[in-house]
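Below is one structure, written out as structure tokens; the observations come after it.
In what follows, every chain begins at residue 1, and chains take the letters A, B, ... in the order their sequences are listed. All heavy atoms count here, side chains included; hydrogens, waters and symmetry mates do not.
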Amino acid sequence: MIGEPLLRTEGLTCDFGALRAVNRVTLSVQAGTLHSVIGPNGSGKTTLFNLISGELRPTDGRVYFEGRDITGLPSHRLPHLGLARCFQRTNVFPKLTTYENVWVAAFAGRTPGALGFLRRASEFSAVDTEVRRILGDIGLAHKTAAPAETLSHGQQRALEVGVTLASSPRLVLLDEPTQGLAPEATQQMTQLVQRLVGRYTILLIEHKMRIVMSISDRISVMAVGELIAEGTPDEVRENRDVQRAYLGTRR
Amino acid sequence: MSRLWSRNEAVLRFVLLLAAIVVLPLLVRPVVASEIWIFAIAAMALNLIFGYTGMLSFGQATFFGLAAYTAGLMMIHWQAPLLAVLAAGTLVGALAAAVLGYVCIQRVGTYFIMLTFGFNQMFFFIAYKWTSVTGGDDGLPGIPRPPLALGPASIRLDSSLRYYVFVAAVFLLAFYAMKRIVDSPLGVIFQSIRENPGRAAAVGYDVKRYKWIAFTIAGGFTGSAGVLYSMMFGIVPLESMSWIISGDIVFMVLIGGIGNLYGPLLGAAAFKWLSEAISVVWERWPLILGVALVLVVLFLRGGLVEAFTRLRDAVGGPRARREPGERVAVGVTAERETGW
Amino acid sequence: MNVSLFAGAILNGLVTGMLYALMGVGLSLILGLLNIPNFAHGVLYALGAYVMFSGAKAFGFLGGVLAAVAAIAVVGAAIEYLGVRRLSRVHPDYTLLLTFGLSLILTETIILVWGPVGITFQPPALLAGGVDLGVTVYPKYRLAVMLFTAALVLACYLFVTRTRYGAIIRAGIEDKDTAAALGINIRLVFTLTFAAGAGLAGLGGALMVPVRGLLSTMGLDILPFAFVVVVLGGLGSLPGAILAGLLVGVVQSLMTVIWAPGADASVFALMTLGIIARPQGLLGQR
């Protein structure tokens with residue numbers, strides 16, 4: 001696919017003192033695709049996400065979203081630009097209900113002028129419609145009034161994704177959505193992610209190799225903070241460097 | 001079915017509130033009753049920043065006292081009318097909170113608490129030493145109670161019962177305003193900041209800005225309470241600015257039940273009534289207060305609201321309840337400011 | 001200005017400053033470990049003073065001081081064991097409120113036991129009288145307290161930064177779960193640290209009795225200053241607390257001779273300026 005990539009990083013680097021967690025990572029994500037980032041534990045994948053989404057400031061390098069330099073922008077600016085992320089460790093609002101969790105994320109993109117805040121929250125029907133749609137998408141329509149902390153782990157992962165989608169982003173960064181899920185829940189989550197393809201551009205971190213291989217358009221492989229390979233699933237599968245990174249040097 | 005019940009419940013609670021307002025001066029002296037609603041306003045304000053937004057301010061007396069002194073001075077030197085004074089005090093409270101809040105908001109947790117406390121002390125010492133303006137330890141005497149001018153009518157508020165009616169009316173207005181704020185999107189946004197400020201930012205909220213908004217609003221409400229207090233005894237006492245009052249307000253919110261609209265009202269009522277009743281009998285009543293606080297903190301963190309809820313559940317069957325203060329196991333980090 | 005007056009003010013400032021540093025160190029230890037400002041710190045100082053007073057009547061000056069330190073350390077340990085520990089799973093704000101409640105209880109208890117009237121106390125005979133320092137004559141006792149407290153504060157600093165036990169405390173502060181996983185009895189560390197912090201406050205109170213006397217409000221009076229010291233020095237920084245303590249003490253003392261009404265407010269103005277100019281405190285991190 002040719003054309004300006006939706007997301008582009010250039011030499012993105014992050015140092016924690018003497019430790020270089022991300023080392024000059026340059027990658028591009030084309031609009032409409034599902035692009036996966038894989039690699040052994042500690043290879044810097046989540047750190048890479050943090051650099052893109054503003055949780056961390058890069059020591060060097062730049063990030064471009066829709067052609068616009070977003071390097072170092074604080075995290076609260078990004079959903080308004082069309083970029084949202086979910087977290088590896090479930091990061092929702094525990095005592096808010098499922099509905100409120102999604103609502104507050106959905107509302108952020110639609111904050112009215114000062115006078116708009118005089119209305120009751122329940123009067124924003126457009127937001128309500130959107131929230132119910134998302135809750136339906138993620139399969140939590142039957143749990144609207146339950147406090148998030150009472151949900152099962154699988155339901156919380158789904159909510160995690162739902163909150164991310166509520167920002168109506170064009171690019172979604174999904175950080176291990178199937179983390180800690182049992183096989184059946186994993187399947188449901190995978191199907192959910194597949195339903196999102198086309199509607200959103202997705203940058204996905206995943207450990208479960210079968211999922212990655214079956215749903216990705218493109219895969220970037222990281223090891224020890226560096227990008228060691230990139231390509232289609234088939235190309236990556238055959239790549240020696242990747243095999244070495246996962247299985248050790250004897251091959 | 002449950003929505004119908006909760007709507008009826010809401011109406012019932014409000015009716016009970018109105019009943020309480022009407023009945024209270026029959027149960028306690030009007031002066032005490034007025035103090036209850038005055039501090040209920042201040043407690044609601046603290047509840048907004050503590051219960052809803054998760055910021056514990058130990059310095060609300062700053063705004064209470066500044067508004068009280070401002071109102072007092074305006075009435076003494078300019079014979080300012082009642083509503084003007086009320087508006088001015090609210091404004092002073094909000095402005096002071098906006099300025100101080102901007103500094104305090106930069107930090108979280110412990111730092112924030114200590115900054116609010118420190119600023120309170122600073123203003124207290126200024127009030128203490130600037131005797132030419134504030135009267136220092138003796139307080140600012142000679143505060144009149146201007147009549148309430150509504151168009152052509154002018155209602156005098158000389159008796160404590162009449163003043164009580166006025167205070168209750170202002171309280172109801174404040175309560176309505178607070179309810180609107182809490183029912184507005186701000187209510188959920190503030191709570192999301194309390195629950196998970198990192199995620200609140202990640203979904204698009206400038207957390208510092210919203211914290212500042214909450215703090216400023218609370219300052220305004222606390223200011224109105226201060227104005228009402230200034231006219232209670234004809235004098236603005238130095239204690240209006242003291243961190244004792246800051247602590248009292250924290251008490252009320254905690255004892256009543258945080259994060260709940262009615263909690264602070266219960267807390268203010270319980271606190272004022274108890275302190276009035278016990279202080280007559282025993283001068284060392286703060287001891288009881290301290291014990292009550294320790295017991296609530298250790299065993300009943302939901303305060304009186306939780307006590308009532310448990311009672312109601314025991315009678316009517318349990319319902320999904322949120323335990324206030326419990327730290328959650330999954331994915332939420334309490335904010336830490338310190339380290340070696 | 002009169003040189004003698006000025007010199008006296010500086011010296012007073014150093015005495016107060018060392019006391020503030022001592023309070024700041026104790027508060028900082030507890031703050032670092034428990035992540036809450038200890039609202040009971042002031043009343044522990046007061047309790048130390050009162051216990052010393054009673055103890056001195058029975059055991060003489062030194063006995064009184066030792067009794068105070070021991071008693072307050074025990075109180076501190078009890079507070080941690082019976083109260084703070086129960087709240088470890090709950091939001092730190094509640095621990096703060098616990099200490100606040102305790103401060104009320106203990107303040108009223110002091111009044112119940114010793115009465116509301118202030119008491120003065122003479123320094124021990126050995127340290128009575130003044131020392132001629134050339135520029136001014138200064139009370140021997142105050143000089144002794146200043147030097148002793150300075151040595152104590154230095155010892156605390158060295159203990160925490162140079163010894164193995166200090167490293168354990170710092171590890172517990174840094175990451176209590178990992179420290180526990182490494183086999184450190186983190187609960188014991190917490191209790192002992194709280195006891196130590198309390199003991200320092202009690203010691204401060206005891207030592208200052210001949211200087212400041214006893215007043216039922218002394219706990220409430222000193223608490224805000226202890227907070228200023230820790231905030232100004234930088235949360236979590238022991239050297240910061242020491243530096244800030246001295247600074248606050250000297251500033252307050254000088255203001256007392258320059259413009260007395262502004263003395264107390266100036267401390268908070270100093271804190272405000274400090275926070276604005278350097279948000280992390282004088283020696284704080286970040």
- line: If one checks every heavy atom of A:Ser167 against chain B at 4.5 Å, the contacting part turns out to be side chain
query: Are A:Thr164 and A:Arg85 linked by a side-chain donor-acceptor pair shorter than 3.5 Å?
result: no
task: Please flag which part of A:Ala84 lies under 4.5 Å from any non-hydrogen atom of chain B: side chain, backbone, both or neither.
output: neither
- prompt: Do we see a donor-acceptor contact under 3.5 Å between the side chains of A:Lys208 and A:Thr178?
  reply: yes
message: With a sphere of 6.0 Å drawn around CZ of A:Arg199, does it hold more than 12 non-hydrogen atoms of other residues, nucleotides or ligands?
response: yes
query: Contact part of A:Gln88 toward chain B, heavy-atom cut-off under 4.5 Å: side chain, backbone, both or neither?
result: neither
task: Step through it carefully: locate the ring centre of B:Tyr205, locate the ring centre of B:Phe190, and say whether they are under 6.0 Å apart.
output: no
query: Side chains of B:Ser224 and B:Thr90: donor-acceptor distance under 3.5 Å anywhere?
result: yes
Among the listed options B:Val182, B:Asp206, B:Val207, B:Ile181, the residue most often paired with chain A at heavy-atom distances under 4.5 Å: B:Asp206
message: Given heavy-atom pairs under 4.5 angstrom as the criterion, report whether the side chain, backbone, both or neither of B:Arg199 touches chain A.
response: both
message: I'd like to know which of A:Thr150, A:Val163, A:Val104 tops the heavy-atom pair count under 4.5 Å against chain B.
response: A:Val104
